[in-house]
Amino acid sequence: MYKLLTRVFSTSTKIMSTAVNASRLAGKVAVVTASSDGIGFAIAKRLSTEGASVVISSRKESNVNKAVETLQKEGHQKISGVVCHVAKKEDRQKLFEHAEKKFGGIDILVSNAAVNPATGPVVECPENVWDKIFEVNVKSTFLLTQEVLPYIRKRNGGSIVYVSSIGGLAPFKLLGAYSVSKTALLGLTKAVAQDLASENIRVNCLAPGITKTKFAAALYETEEAHEIAVSNVPMGRLAVPDEMGGIVAFLCSDDASYITGEVIVAAGGMQSRL
């Protein structure tokens with residue numbers, strides 16, 4: 001069964017990667033946090049593929065450099081990178097200043113950075129772990145939004161996308177506090193979207209299901225864990241990062257020009273709401 005699911009997973013990736021609009025985001029400048037690997041990297045790559053100039057960021061310079069080099073070797077020339085720990089004000093400022101200096105402004109912010117330093121039920125979460133999760137996952141997203149607005153306003157409109165999780169809608173017991181932080185992003189999406197709609201700044205949210213990344217490895221790295229995870233997914237497989245990149249590209253494009261304040265769930269049919 002495990003080998004069968006792996007083949008399905010591989011086939012779905014090949015099908016998904018065939019349809020890309022190479023000019024849908026032409027002339028746009030995007031900043032993507034935590035984008036040196038996993039979902040963030042896939043988002044950055046897809047935005048670039050669709051024509052945007054993209055600034056990659058991560059906490060470690062070596063990871064940033066590796067991601068930029070990888071994409072440039074694949075033909076993505078309008079790529080730059082900068083070190084950014086989203087919980088540090090000076091790093092956030094440098095991130096946006098770099099984007100403006102390198103590419104002339106900012107049209108798109110994708111807030112993807114998140115941490116989960118401990119696992120377990122939410123009621124057992126230590127205070128220091130709770131504070132760390134909310135500092136990075138929620139507070140930093142809020143502050144990034146505040147600080148990017150002057151740049152986006154110069155462009156007379158733009159798009160902000162928060163990366164939440166299916167856990168924000170249907171909490172994972174193993175990731176209790178993390179799930180609650182991702183629920184908070186759903187509320188932030190609704191509130192900020194209402195505040196900015198009149199300025200032609202759209203704010204939406206992606207809620208991925210269990211995706212094959214290093215960050216989510218604990219949910220699928222053993223055969224037993226993989227089978228349990230897949231058993232909850234009607235499509236019978238886990239997601240791959242590239243499947244999330246296409247959704248964010250859509251939300252940032254004119255194809256989604258009348259969509260704001262929405263949460264797009266990409267979880268293979270996992271139950272999240274009516």
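Judged purely by atom type and a 3.5 angstrom limit, Lys78 uses its side chain to pair as donor or acceptor with the backbone of Gly51. Without hydrogens or angle criteria, Thr260 side chain to Val203 main chain gives a donor-acceptor distance under 3.5 Å. Panel note: side chain Thr183, backbone Gly168; a donor-acceptor pair is recorded below 3.5 Å. Between the side chain of Ser164 and the backbone N or O of Leu185 there is no donor-acceptor pair closer than 3.5 Å. The closest donor-acceptor contact from the side chain of Lys190 to the backbone of Gly261 lies under 3.5 Å. The main-chain N or O of Ala44 is never found under 3.5 Å from a side-chain atom of Ser48 such that the two would form a donor-acceptor pair.
Listed by first then second residue, pairs satisfying salt bridge (charged side-chain N to carboxylate O under 4.0 Å, His left out) with a partner in residues 62-71 read Glu69-Lys73, not counting sequence neighbours. Sorted by first and then second residue, the salt bridge (charged side-chain N to carboxylate O under 4.0 Å, His left out) pairs involving residues 131-157 (not counting sequence neighbours) are Lys89-Glu147, Arg92-Glu147, Glu100-Lys154, Asp107-Arg155, Arg153-Glu199. For residues 170-184, the set of pairs meeting the salt bridge (charged side-chain N to carboxylate O under 4.0 Å, His left out) definition, not counting sequence neighbours, is empty. Applying the salt bridge (charged side-chain N to carboxylate O under 4.0 Å, His left out) test to pairs two or more places apart or on separate chains, those with a residue in residues 253-268 are Arg24-Asp255. Listed by first and then second residue, the side chain to side chain donor-acceptor pair (under 3.5 Å) pairs that reach into residues 53-63 are Ser36-Ser58, sequence neighbours excluded.
Between the CZ atom of Arg202 and the OH atom of Tyr258 there is a distance of 12.5 Å, given to the nearest 0.5 Å. To the nearest 0.5 Å, atom OH of residue Tyr178 and atom OG of residue Ser165 are 4.5 Å apart. We find the OG-CG distance between Ser159 and Leu109 to be 9.0 Å, quoted to the nearest 0.5 Å. Annotation: the span from Ser253 atom OG to Glu50 atom CD amounts to 7.0 Å, rounded to 0.5 Å.
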### From CA spacing to verdict: side-chain contact (heavy atoms from CB on, under 4.5 Å), Leu149, Leu196
CA-CA 10 Å; Leu149 283 178; Leu196 300 179; 3.6 Å; yes
Please determine whether side-chain contact (heavy atoms from CB on, under 4.5 Å) holds for the pair Val31 and Val148, giving the CA-CA distance in whole Å, both sets of side-chain angles, and the decisive distance to 0.1 Å. CA-CA 10 Å; Val31 172; Val148 80; 5.9 Å; no
Stepwise, does the side-chain contact (heavy atoms from CB on, under 4.5 Å) test hold for His76 with Gln72? CA-CA 5 Å; His76 300 267; Gln72 288 179 342; 5.8 Å; no
Walk me through it: do Leu186 and Leu169 pass the test side-chain contact (heavy atoms from CB on, under 4.5 Å)? CA-CA 9 Å; Leu186 308 182; Leu169 293 147; 3.7 Å; yes
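Not a single side chain to side chain donor-acceptor pair (under 3.5 Å) links Asn112 to another residue, sequence neighbours left out. In this structure, the side-chain contact (heavy atoms from CB on, under 4.5 Å) partners of Lys88, at least two apart in sequence or on a different chain, are His85, Glu90, Asp91. For Phe96, the ring-ring contact (aromatic ring centres under 6.0 Å, His included) partners two or more places apart in sequence, or in a different chain, are Tyr151. When the side-chain contact (heavy atoms from CB on, under 4.5 Å) test is applied to Val180, the partners found at least two apart in sequence or on another chain are Val122, Trp130, Phe134. Asp37 pairs by the side-chain contact (heavy atoms from CB on, under 4.5 Å) definition with Lys214, not counting sequence neighbours. When the side chain to side chain donor-acceptor pair (under 3.5 Å) test is applied to Ser181, the partners found at least two apart in sequence or on another chain are Asn137.
Taking each heavy atom of Ala34 and Ala113 in turn, the nearest pair found is CB-CA, 3.5 Å. Of all non-hydrogen atoms in Pro234 and Asn232, the two that sit nearest each other are CD-O, 3.5 Å. Ser35 and Ala67 get closest at one heavy-atom pair: O-CB, 4.4 Å. The shortest heavy-atom contact between Cys84 and Leu95 is SG-CD2, 3.9 Å. Between Ala87 and Ser140, the shortest heavy-atom distance links the atoms CA-OG, 3.4 Å.
Val138 and Val263 fall into different hydrophobic clusters, defined by Ile, Leu, Val, Met, Phe, Trp and Tyr side-chain heavy atoms under 4.5 Å apart, directly or through other members. Transitive grouping of hydrophobic side chains (ILVMFWY, heavy atoms separated by less than 4.5 Å) brings Val129 and Val123 into a common cluster. When the side chains of ILVMFWY residues are joined at heavy-atom separations under 4.5 Å, either directly or via intervening members, Ile133 and Leu175 end up in two distinct hydrophobic clusters. Cluster membership check: Ile166 shares its hydrophobic cluster with Leu238, using side-chain heavy-atom separations under 4.5 Å among Ile, Leu, Val, Met, Phe, Trp and Tyr. Hydrophobic clustering of Ile, Leu, Val, Met, Phe, Trp and Tyr side chains at less than 4.5 Å, counting indirect connections, keeps Val83 apart from Ile106.
Looking at Thr145 and Tyr162, their side chains do bring a donor and an acceptor atom within 3.5 Å of each other.
Between Asn200 and Asn156, the closest side-chain pair of non-hydrogen atoms is not below 4.5 Å.
At a threshold of 4.0 Å, the pair Arg237-Glu243 counts as salt-bridged, since one of the basic side-chain nitrogens sits closer than that to a carboxylate oxygen.
Within a 6.0 Å radius of CD in Gln271, no more than 12 heavy atoms belonging to other residues, nucleotides or ligands are found.
Through chains of ILVMFWY side-chain contacts below 4.5 Å, Val32 is grouped with Leu25, Ile39, Phe41, Ile43, Leu47, Val54, Ile56, Val64, Val68, Leu71, Ile79, Ile108, Val110, Val161, Val163, Leu206, Met244, Ile247, Val248, Phe250, Leu251, Ile259, Ile264.
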